Amino acid sequence: MRRSAFFLPTMKDTPKEAEIASHRLMLRAGMIRQSSAGIYSWLPLGYRVLRNIEKIVREEQDRAGCQEMLMPTIQSSELWEKSGRYDDYGPEMLRIRDRHDRDMLYGPTNEELITDIFAHSVRSYRELPKLLYHIQWKFRDEVRPRFGVMRGREFLMKDAYSFDPNYEAARESYNKFFVAYLRTFARMGLKAIPMEADTGPIGGNLSHEFIILAETGESQVFCDRNFVEYDVLGTDIDASNTTQAAEVVDYFTRLYARTDEKHDPATFEADVPSERRYEGRGIEVGHIFYFGTKYSEPLGAFYATRDGEEAPVHMGSYGIGVSRLVGGIIEASHDDDGIIWPASVAPFDVGLINLQVDNEDCTNACEDAYARLKEAGLDVLYDDREERAGAKFADMDLIGLPWQMTIGPRGLKKGVVELKNRATGERQELSLDSALTQLAG
RNA sequence: CGGGGCGUAGCGCAGUCUGGUAGCGCAUCUGCUUUGGGAGCAGAGGGUCGCAGGUUCAAAUCCUGCCGCCCCGACCA
């Protein structure tokens, strides 16, 4: 993509409404624009990141044996009246009336809808278990939206639902998601720590929050340092393997990990040796629940057992805040100059900077590099604008692409380009060929 | 929902107390000079001063009502 053609309105100044780093940087980097309180438009750069995150989430859900579908944003109040949540949810739920004066709502979550679909379609234990998910926009009318996309009113969420014949089976489903979540966040370059949690308005009695470590996080967290060092990708855990998943869940749930509300210093000190005590801040990016028959009973999701008896299915639900993750990743990965994207979610793989557009040799060299980077299968943002060098460097640092390739007359005389690693700041001068080898390899 | 603050050009702000016909920096456009970390000079364009009433010869400025947005707290993926 040529920067001259790309819609990327970056800003030198920070709009005054943005207080925390991720919000500030997302506005400055031209990723989002606020539409109203807690509601954002995603501009091309931001949308690319959002989609990359979505892609990782999708791949890991699929890998765990979960099937993707899509439910609507607008729901009828009827099912919610059946589950009792139409009243329970309170003013957080955005209620809408259609032209026929029917009560509708903008879905804050989808338990009722999926349970209803399931109830009308599944009759027998032979059809269980089933794991279903979708990635859809949700609306929760927060009293006070803040922190940009970290706590918006409208947000993109992956929510999955499991249907099992009994607790034991439901527990296996729960474990699969537990592991899938560890993998998902690890792939985004995040340390996500599962902590025992309240079930809130979703209900149920088994639940974990997944908290990523970030200095500007909302909650204080205390945990065993083993969490931070355990590499789920390195050990290549398979979420769809029941036994393996159970082992991993076992390992993690035995270690101490609590947010400040649940923190008990005495237990912490008793359970965790001092050198392994980790204390920091975190952001909740995922939440998983087992809630048994809370929705299957009122909504009539029954199946026939082997003995021919009617029994309610046991359910769980599993959320990931997809849009929140964009902010969360930035909170966890930025510096004074801007964002530092982990390669897996970066909007482009590499930024190519032409230092002197009106210099024919320089521009030819850039065009050549641009073509060859693309040939190598890399996603390139080529800054071909007539801007000063400083402005281009600053812009490139701001948007945080993992690599910057700089080409200017000075280097060309020596036959080299400059390659900068955004995360480490390390620069090397090398031939285009070696640069390509390094980037593609 | 309690407490605090803000709304003036695309962004950041001054002007409001003490009413007199709107300004600064950045950005944008033109020209010249510059050119490896957000350039310099000269010129230009751009504003229903959040909205609606009211007071006044005169309102960004005073009064009343409304709307929007942000921050702190209680609540949440």
Side-chain angles (χ1 to χ4, degrees), chain A residues 9-20 23-24 27-28 30 33-39 57 89-93 107-110 135-160 181 192 197-202 207-212 218-219 259 261 283-289 317-328 336-338 353-359 362 383 385-398 404 406-414 416-418 420 425 427 429:
Chain A
T10 56
M11 290 183 274
K12 205 154 80 173
D13 297 318
T14 308
K16 67 173 173 180
E17 72 263 20
E19 200 80 347
I20 66 162
H23 191 193
R24 217 165 49 223
L27 289 169
R28 284 191 54 210
R33 285 295 180 263
Q34 178 164 320
S35 157
S36 55
I39 301 177
V57 168
Y89 227 96
E92 293 252 308
M93 182 187 284
T109 176
N110 289 67
I135 299 175
Q136 178 63 289
W137 292 92
K138 305 288 192 291
F139 196 93
R140 291 183 193 171
D141 202 355
E142 295 272 349
V143 197
R144 189 190 155 205
R146 61 180 125 170
F147 305 146
V149 301
M150 296 260 287
R151 193 185 307 172
R153 293 195 291 170
E154 190 183 50
F155 57 96
L156 187 61
M157 179 163 117
K158 185 283 300 181
D159 43 324
Y181 274 35
D198 276 331
T199 53
I202 308 280
S207 172
H208 285 89
E209 281 179 8
F210 284 76
I211 307 252
I212 60 171
E218 304 158 85
S219 34
T259 58
E261 307 103 45
I283 301 162
E284 181 186 350
V285 288
H287 205 155
I288 62 180
F289 304 87
S317 76
Y318 313 88
I320 288 181
V322 175
S323 49
R324 169 180 281 189
L325 271 167
V326 181
D336 290 345
D337 296 324
I353 297 176
N354 183 342
L355 281 183
Q356 216 175 96
V357 175
D358 55 8
N359 176 317
C362 187
D383 196 341
R385 295 172 306 162
E386 287 188 43
E387 286 287 339
R388 303 178 63 80
K392 293 188 176 187
F393 288 132
D395 233 36
M396 210 51 102
D397 284 344
L398 173 63
Q404 297 171 15
T406 301
I407 299 182
R410 195 193 288 173
L412 284 179
K413 271 183 209 149
K414 293 189 282 180
V416 298
V417 300
E418 185 183 288
K420 176 178 157 185
R427 298 159 211 248
E429 293 199 333

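Chain letters run A, B, ... following the sequence lines, proteins first and then strands; every chain starts at 1. Note that the coordinates shown come from a computational prediction; the quantities given were computed from them, not determined experimentally.
Ring-to-base geometry does not place A:Phe393 in a stacked arrangement with B:G36 (centre distance under 5.5 Å, plane angle under 30° required).
A:Leu355 approaches A:Ala389 most closely through the heavy-atom pair CD2-CB, 3.5 Å.
Nearest to the side chain of A:Glu284, among B:A77, B:G36, B:G25, sits B:A77. Nearest nucleotide to the A:Lys420 side chain, out of B:U35, B:G36, B:G37: B:G37. Of the candidate nucleotides B:U28, B:C71, B:A77, B:C71 has the atom nearest to the side chain of A:Glu19. Counting only heavy atoms from C-beta on, A:Arg144 has its side chain closest to B:C71 among B:U28, B:C71, B:C11. You'll find that the side chain of A:Met11 is closest to B:C11, out of B:C11, B:G7, B:U35. Comparing B:A77, B:G36, B:G38 by their closest approach to the side chain of A:Arg151 singles out B:A77. Listed nucleotides: B:G38, B:C76, B:G36. Nearest to the side chain of A:Ala391: B:G38. In this structure, the nucleotide among B:C72, B:G25, B:G37 sitting nearest to the side chain of A:Asp397 is B:G37. Closest approach to the A:Pro15 side chain among B:G12, B:A77, B:C75 is made by B:G12 (side chain taken as heavy atoms from C-beta onward). Comparing B:A39, B:A74, B:C72 against the side chain of A:Arg388 picks out B:A39 as the nearest.
With P as the reference atom, B:G20 and B:A59 are 11 Å apart, rounded to whole Å. With both ends at atom C1', the span from B:G47 to B:C32 equals 30 Å, rounded to whole Å. Separating the C1' atom of B:U28 from that of B:C11 is a span of 12 Å, rounded to the nearest Å. B:G53 and B:G40 are spaced 45 Å apart, taking the P atom of each and rounding to whole Å. A gap of 9 Å separates the C1' atoms of B:U8 and B:G15, to the nearest Å. On the C1' atoms, B:G38 is 14 Å away from B:G25, given to the nearest whole Å. For B:A14 and B:C62, the P atoms lie 15 Å apart once the distance is rounded to whole Å. A gap of 33 Å separates the P atoms of B:U48 and B:G4, to the nearest Å.
B:C69: Watson-Crick or G-U partner is B:G5, with both key distances under 3.5 Å. Base pairing of B:G25 is made with B:C11, judged by Watson-Crick or G-U wobble geometry with both donor-acceptor distances under 3.5 Å. As the counterpart of B:C57, B:G20 is assigned, both hydrogen-bonding distances of the Watson-Crick or G-U wobble pattern falling under 3.5 Å.
Within 4.0 Å (heavy atoms only), A:Arg33 reaches no atom of the nucleic acid at all. Contact annotation for A:Val285: backbone-only contact, meaning every heavy-atom pair under 4.0 Å involves sugar-phosphate atoms and none involves a base. Residue A:Gly319 is out of contact with every strand shown, counting any heavy-atom pair closer than 4.0 Å. Among the heavy atoms of the strands lying under 4.0 Å from A:Glu418 is at least one base atom, whether or not backbone atoms are also near. Using a 4.0 Å heavy-atom distance criterion, A:Arg427 is classed as a base contact. Using a 4.0 Å heavy-atom criterion, one finds that A:Lys16 contacts the sugar-phosphate atoms exclusively. Among the heavy atoms of the strands lying under 4.0 Å from A:Gly152 is at least one base atom, whether or not backbone atoms are also near. Residue-level contact check: A:Ala389 touches the backbone only, with heavy atoms under 4.0 Å from sugar-phosphate atoms and none from bases.
Here the rule is side-chain contact (heavy atoms from CB on, under 4.5 Å) with A:Arg151, and of A:Arg144, A:Glu218, A:Arg140 only A:Glu218 fits it.
On a pure distance criterion of 3.5 Å, a polar donor-acceptor pair joins the side chain of A:Arg28 and the base of B:G38.
By the side-chain contact (heavy atoms from CB on, under 4.5 Å) test, A:Phe139 is found to be paired with A:Ile39, A:Leu94, A:Tyr106, A:Asp141, A:Arg153, A:Glu154, residues two or more places apart in sequence or in another chain being considered.
Rounding to the nearest 0.5 Å places CD of A:Gln136 at 14.0 Å from NZ of A:Lys158.
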